[in-house]
Visitor: 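I have a structure I would like to understand better, so I am pasting it below and will then ask my questions one at a time.
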Amino acid sequence: MMQKSTSYFCPSCRATGMSIFYKASNVPANSCMMFSNHEEAVSFPKGNVILGFCESCGFISNVAFDPLKLDYSSLAPEEQGFSGTFNTYAQRLASRLIQNYDLHGKHICEIGCGRGDFLALVCQQDHNYGVGIDPSTVSGGVESEASSRLTFIKDYYSERYANYHGDLVICRHTLEHIHDTADFIGTLRRGIGNKFNTATFFEVPDITRILHEVAFWDIYYEHCSYFTLGSIAKLFRLCNFEITSLTKDYFDQYLLIEAKPVNQKSKIVFENEESVEQTAMDVENFVLHSQEKLSFWKDQLSQIQKKKKKAIVWGSGSKCVGFMTTLGVKEEIEYIVDINPRRHGKFIPGVGKQIVSPEFLKQYRPDTIIVMNPIYCNEIKKMMDDMGVVADYIPCS
Ligand SMILES: [Zn+2]
């Protein structure tokens, strides 16, 4: 059950008190890391996850988060571009932004751009100019026709880059890594100043789905901030932005918010914003069902071991690390499959299992494939059929 603690305050609305509802101990401090051997992978620093819910704005935060445990500058920039499903989505999103904001010869700034793949997509066809800011970025990391119009700054976003907003600020899958969310959005707003034509676009994972599906594998250390449409909208309004669009996309897994700077608190509230009471109910649901969900998966794992089945997990990203760590997977699963060739042969933090290629399964012949993200099930099945690999599929849902 939820337990209110006044030792914490909400990083989004600054209200005192967070209701604690979920704890996971000794979680790898960064689930995106990969290691060249098992020993390094299991000894990687760990932290605790203690999720608190704000009864004033509906925001959810890891109150035990320590940013010092994370160093994004030593990370290789993340890529998700190996999946057709994901690429189609990124293309569609880029086209939508170009159309909505008439982005031709415009200046675009992307905070948390990674390698710069998305920034390049937005800039390449329409002769836009892009600045990407990210502690893990590398100049020339992305091959694009727009390369000569792209600038990359290897740093964390701060007051120092206030002048880089341009016509559109894009920030995808970054805000969930920021603990002091109001400080971050406030810094951006101060940087934009009175340039009221600057548009902003943010994309973050949706906590509502995680709560509904009791998807404990989607809770990990580097994600210290969890949003609903309602709580992200409140944060933007508190920081003097007016919301112009508020939607879900990518199979309802992501929240998309578009906003423009205003001088005073906007009163525009969208119909799809959840109330704090609704989110409180979703949190209660998560608390109520998380034990049975964990038991279900522990039972699946013991069946695998009892029947001496060969099981693999498909997808070596953060979901997989969250899944394996929370369940304390040992001998039940030996390998993890990933389509990204840069991950092959490496080991994931926490349980320290090795990542292999899909081709490896031709000889390994797994009986069971646990699919971390069910939206890739069809893609995976087709690949396995083509290789003549017959297995049972268990989607994580
Ligand atoms: Zn709050």
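Remember, it's 1-based here, ligands and their atoms both numbered in the order they're listed.
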Visitor: Counting only protein atoms, how many N/O/S atoms are less than 2.8 Å away from the Zn ion (ligand 1)?
Guide: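 Excluding waters, the total comes to 4.
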Visitor: Considering only NZ, NE, NH1 and NH2 on the basic side and carboxylate oxygens on the acidic side, decide whether Lys346 and Asp338 come within less than 4.0 Å.
Guide: no
Visitor: Applying side chain to side chain donor-acceptor pair (under 3.5 Å), can you list everything that pairs with Thr228, at least two apart in sequence or on another chain?
Guide: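 So Thr228 forms a side chain to side chain donor-acceptor pair (under 3.5 Å) with Ser231.
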Visitor: Just jot down the side chain to side chain donor-acceptor pair (under 3.5 Å) partners of Lys306, sequence neighbours excluded, or say none.
Guide: none
Visitor: For the residue pair Phe65 and His179, does the interplanar ring angle fall in the parallel (under 30°), tilted (30 to 60°) or perpendicular (over 60°) class?
Guide: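 Judged by the thresholds at 30° and 60°, the geometry between Phe65 and His179 is parallel.
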Visitor: Report the relative orientation of the aromatic rings in Tyr89 and Tyr250; use parallel for angles under 30°, tilted for 30 to 60°, perpendicular for over 60°.
Guide: tilted
Visitor: Identify, with sequence neighbours excluded, every residue that meets side chain to side chain donor-acceptor pair (under 3.5 Å) alongside Glu292.
Guide: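 So Glu292 forms a side chain to side chain donor-acceptor pair (under 3.5 Å) with His289.
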